[in-house]
Q: 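The structure is given below, and queries will be raised subsequently.
Letters go in sequence order (proteins before strands), and every chain restarts at 1.
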Amino acid sequence: MTFSPPPLALPFFARDALVVARALIGARIVHRGKVARIVETEAYRGPKDLACHARAGLTKRTRALFGPPGRAYVFLVYGMYECFNVVCNEEGSGHAVLLRAAEPLGGFDERTEADGPGKLARAMKLGRALDGASLLEGDLHLLPREGRVRIGVSARVGVAYAGTWADKPWRFFDRDSDHVSRPPKSAIGRPRSKGHP
DNA sequence: CATATGATTCCA
DNA sequence: GGAATCATATGA
């Protein structure tokens, strides 16, 4: 019989989004019979972070973002893609971690890809219906990382409008994964090249 | 009420 | 390089 660790619990999520974003690289996400290994995340750190949706304060959209940690924050972007986040830190802080890419492990069609936030949410069926849903109980949860992982760091993607906040090194990824959404510009921590040695 | 835009992806 | 596509945020 296979040992299965318990899902990540409240104390894991009740920390700064920067800490949680790094800790989630290599963790697994489980939902409706699908399992995937998280290989890319980004931290969003509340109202002061001008790249974070929390900058607009508490609105209809950010209700879950300002809610308790350990729940989902899901939003629609560009009218057609959804982005799945895990709420972190303490209630009201507006911290969250965006899941940007994962390696499909089980329960997927053979050619399903999850190398991008929109594609990951679509592949795992993590739509807006889950906005505010708990990851601490029920059929949506995360499992701790097993083994070692080499973590790379870069600036966050797609937030150029945020001025200097766009340059913060708050994106994390598995340096050895072939399922990261895009190679970082920085030479440090670039994912293993597929073409050359 | 009107309008601009986005934590993206896919196509030319 | 540009389009697709629509809920939200913002300002009149």
Side-chain angles (χ1 to χ4, degrees), chain A residues 13 16-25 27 29 31 36 38-67 69 71-89 93-104 108-109 111-133 135 142 151-174 177-186 189 191:
Chain A
F13 301 106
D16 190 297
L18 263 185
V19 176
V20 178
R22 180 181 279 275
L24 281 179
I25 300 300
I29 180 169
H31 181 233
I38 297 166
V39 299
E40 183 181 343
T41 62
E42 280 175 359
Y44 288 85
R45 304 179 73 207
K48 71 177 184 188
D49 174 7
L50 296 188
C52 181
H53 289 169
R55 68 185 182 276
L58 179 58
T59 65
K60 174 165 185 168
R61 178 171 71 164
T62 60
R63 179 181 173 83
L65 176 58
F66 281 105
R71 296 193 191 180
Y73 165 51
V74 188
F75 63 91
L76 179 73
V77 70
Y78 292 106
M80 56 189 113
Y81 299 106
E82 288 165 311
C83 291
F84 181 89
N85 302 253
V86 178
V87 178
C88 301
N89 209 10
S93 69
H95 278 221
V97 171
L98 170 68
L99 302 191
R100 283 192 57 89
E103 174 186 358
F108 297 92
D109 179 275
R111 26 172 159 255
T112 300
E113 293 184 346
D115 55 340
K119 293 159 80 174
L120 169 58
R122 183 179 57 193
M124 293 289 299
K125 301 196 187 311
L126 303 171
R128 278 167 293 168
L130 291 176
D131 189 41
L135 308 189
L142 300 176
I151 296 178
V153 182
S154 82
R156 294 175 292 184
V157 175
V159 294
Y161 59 84
T164 61
W165 294 92
D167 301 323
K168 303 287 185 184
W170 293 353
R171 169 176 178 253
F172 302 91
F173 55 91
D174 180 346
S177 175
D178 292 326
H179 300 268
V180 171
S181 68
R182 64 182 68 184
K185 289 181 178 179
S186 161

Q: Distance check needed: dT8(C) P versus Glu82(A) CD, whole Å only.
A: 11 Å
Q: In terms of side-chain heavy atoms of Tyr161(A), which of dC10(B), dA9(C), dA7(B) is nearest?
A: dA7(B)
Q: Please tell me which of the listed nucleotides, dA7(C), dT8(B), dT10(C), lies nearest to the side chain of Arg128(A)?
A: dA7(C)
Q: So is the aromatic ring of Tyr78(A) stacked onto the base of dA4(C), judging by whether the centres are under 5.5 Å apart and the planes are under 30° apart?
A: no
Q: With a 4.0 Å cutoff (strictly under), does any side-chain N or O of Lys119(A) reach OP1 or OP2 of dC10(B)?
A: yes
Q: Of the options dT8(C), dT8(B), dC10(B), whose atoms approach the side-chain atoms of Arg61(A) most closely?
A: dT8(C)
Q: Rounded to the nearest 0.5 Å, how far does CG of Asp115(A) lie from CD of Glu40(A)?
A: 9.0 Å
Q: Tell me: OH of Tyr81(A) to C1' of dC6(C), nearest whole Å?
A: 13 Å
Q: Check this one for me: any side-chain N or O of Arg100(A) less than 4.0 Å away from OP1 or OP2 of dT8(B)?
A: yes
Q: Counting side-chain heavy atoms from CB outward, which of dT5(C), dT8(B), dT9(B) is closest to Met80(A)?
A: dT5(C)
Q: Which whole number of Å gives the distance between the P atom of dA3(C) and that of dT5(B)?
A: 15 Å
Q: Indicate yes or no: at least one non-hydrogen side-chain atom of Arg156(A) is less than 4.5 angstrom from one of Asp49(A).
A: yes
Q: Of Arg122(A), Arg128(A), Met124(A), which is the lone residue that meets side chain to side chain contact (heavy atoms under 4.5 Å, CB included) with Leu126(A)?
A: Met124(A)
Q: With Val97(A), which of Val87(A), Val19(A), Leu24(A) fulfils side chain to side chain contact (heavy atoms under 4.5 Å, CB included)?
A: Leu24(A)
